[in-house]
Amino acid sequence: MALRKNTGYSFYRDVFSQRGGFIILDFTGILLAGGKSSRMGKNKAFLELNGKPFIEKNLEILQLIFSEVFISSNTPELYSQYKVRVVQDHYVEHGPLGGIQACLQEAVSEFCFIAACDIPFLNPDLIRFMASLTERYDIVAPKTAGGIHPLYAFYKRSSCLPKIEKSLKAGILKTIDFFDQCSVRYISESEIERFGNVQLLLYNVNTPEEWVKFQMEWEKAKGFAQDKYRC
């Protein structure tokens with residue numbers, strides 16, 4: 001089978017998968033689905049975009065990119081239908097950082113992409129671009145006017161895991177608080193704009209009002225650039 005070339009990526013596998021004709025990177029892709037969704041009032045992982053739950057759609061995207069994919073959740077029974085591994089927290093009730101710790105510890109790959117399950121649309125081209133930058137850094141994450149996006153980011157397992165565990169033991173639970181101990185490559189808004197609307201690509205849904213707003217913006221964006229916003 002002829003492989004589609006994507007120049008600029010230095011972490012291709014020696015043996016490539018035939019998943020949709022895409023080159024599969026020897027990384028781990030992880031969806032964090034351990035939040036309580038208290039502000040939304042229901043599990044955000046099962047909100048639907050174009051008739052498909054976030055969790056299902058984003059799992060499919062990650063499986064077209066990465067050799068290993070799993071879900072982070074302390075309620076594995078909710079995701080049994082997806083036939084992927086569900087990793088439970090080792091540090092229970094420690095927020096997203098506890099989920100990241102457990103996933104990095106369980107991952108086979110040195111580099112892991114972590115994404116929150118409440119992101120309606122994971123853009124595979126943006127993720128692959130970010131993957132191409134991981135070789136020199138411990139973390140690759142978007143940084144916009146709204147701040148750093150640690151739940152749409154790559155983490156180097158060997159360097160980040162000890163620092164995360166140290167933070168957890170010290171009760172420091174804010175995800176980005178250990179970033180200053182790492183080499184971080186921030187993805188700028190101008191770089192993200194190459195792949196679509198920055199706000200839409202990094203949007204995460206926390207409340208019913210935010211969900212309504214996203215759907216309105218999504219429909220507008222699809223009308224202008226259907227190739228960038230197909231699900």
Side-chain angles (χ1 to χ4, degrees), residues 27-48 53-59 62 66 68-120 122 138-143 146-182 184 202-211 214:
F27 290 30
T28 299
I30 299 152
L31 289 178
L32 292 183
K36 296 180 180 178
S37 302
S38 54
R39 285 187 287 169
M40 179 61 68
K42 58 183 177 181
N43 191 333
K44 294 182 287 185
F46 295 104
L47 292 175
E48 293 190 359
F54 288 3
I55 191 78
E56 181 178 337
K57 177 174 58 63
N58 286 334
L59 279 174
L62 294 186
F66 301 119
E68 178 181 52
V69 174
F70 48 77
I71 296 169
S72 167
S73 175
N74 292 319
T75 53
E77 65 278 2
L78 296 180
Y79 308 101
S80 58
Q81 63 184 304
Y82 298 116
K83 310 300 181 186
V84 298
R85 184 181 178 192
V86 179
V87 173
Q88 299 186 58
D89 293 356
H90 304 149
Y91 292 83
V92 181
E93 300 295 335
H94 281 64
L97 196 62
I100 293 172
Q101 183 277 335
C103 291
L104 292 183
Q105 185 166 309
E106 297 296 323
V108 172
S109 308
E110 172 71 335
F111 291 95
C112 299
F113 176 73
I114 305 280
C117 74
D118 59 3
I119 297 173
L122 292 178
D138 298 326
I139 299 169
V140 177
K143 186 176 183 180
I148 300 168
H149 297 262
L151 303 185
Y152 199 124
F154 282 89
Y155 294 86
K156 187 175 182 180
R157 182 181 183 275
S158 60
S159 54
C160 291
L161 185 56
K163 298 176 179 65
I164 291 172
E165 289 177 342
K166 183 178 179 180
S167 293
L168 289 168
K169 289 173 182 176
I172 301 171
L173 305 184
K174 190 174 180 181
T175 307
I176 63 172
D177 276 1
F178 77 98
F179 277 31
D180 61 359
Q181 305 170 48
C182 301
V184 184
L202 301 178
Y203 202 101
N204 66 301
V205 178
N206 291 304
T207 67
E209 293 76 20
E210 288 177 357
W211 178 220
F214 174 82

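Values in this document were obtained by computation on a predicted structure and should not be read as measured data.
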Looking only at heavy atoms, the pair that brings His94 and Tyr91 closest together is CB-O, 3.4 Å
For Glu210 and Tyr203 the tightest heavy-atom approach is O-OH, 2.9 Å
Scanning both residues in full, the closest heavy-atom pair of Thr28 with Val108 reads OG1-N, 4.1 Å
Residues passing the side-chain contact (heavy atoms from CB on, under 4.5 Å) test with Pro162, sequence neighbours excluded, are none
Heavy-atom closest pair (Ser72 atom, Ile30 atom, distance to 0.1 Å) is CB-CG2, 4.3 Å
- prompt: Considering only heavy atoms from C-beta outward, does the side chain of Pro120 approach that of Val205 to under 4.5 Å?
  reply: yes
Taken in chain and number order and not counting sequence neighbours, the residues that satisfy ring-ring contact (aromatic ring centres under 6.0 Å, His included) with Phe179 are none
NZ of Lys156 to CG of Leu104, rounded to nearest 0.5 Å, is 13.0 Å
Residues passing the side-chain contact (heavy atoms from CB on, under 4.5 Å) test with Glu56, sequence neighbours excluded, are Lys52, Pro53, Glu60, Tyr82
Applied to residues 99-119, the salt bridge (charged side-chain N to carboxylate O under 4.0 Å, His left out) test, sequence neighbours excluded, yields Lys44-Asp118, Arg85-Glu106
Residues pairing under side chain to side chain donor-acceptor pair (under 3.5 Å) where one sits in residues 159-168, two or more places apart or in two chains, turn out to be Gln101-Glu165, Asp138-Ser159
Between the CZ atom in Arg157 and the OG atom in Ser109, the distance rounded to the nearest 0.5 Å is 9.5 Å
Rounded to the nearest 0.5 angstrom, the CG-CG distance for Asp177 and Leu97 is 9.0 Å
Here the gap from His90 atom NE2 to Cys103 atom SG, rounded to the nearest 0.5 Å, amounts to 8.5 Å
Taken to the nearest 0.5 Å, the spacing of Ile172 CD1 from Ile164 CD1 works out to 12.5 Å
| message | I'd like to know if the side chain of Ser73 and the backbone of Thr75 have a donor-acceptor N/O pair within less than 3.5 Å. | response | yes
Spell out, as yes or no, whether a donor-acceptor pair under 3.5 Å connects the side chain of Asp89 to the backbone of Asn74.
no
Inset, instruction - Please tell me if the side chains of Val87 and Ile71 come closer than 4.5 Å, counting only heavy atoms from C-beta onward. - result: no
Between Cys117 and Ala33, the two heavy atoms sitting closest are SG-CA, 3.8 Å
To the nearest 0.5 Å, atom CD1 of Ile55 lies from atom CG of Leu31 at 4.5 Å
Nearest heavy-atom contact between Cys160 and Ile139 is SG-CG1, 3.7 Å
- Heavy-atom side-chain proximity of Phe113 to Leu62 below 4.5 angstrom: yes
N/O donor-acceptor pairs under 3.5 Å from side chains in residues 146-155, not counting sequence neighbours:
residue, atom, partner, partner atom, Å
His149, NE2, Thr144, OG1, 3.1
Tyr152, OH, Asn123, N, 3.3
Tyr155, OH, Pro150, O, 2.6

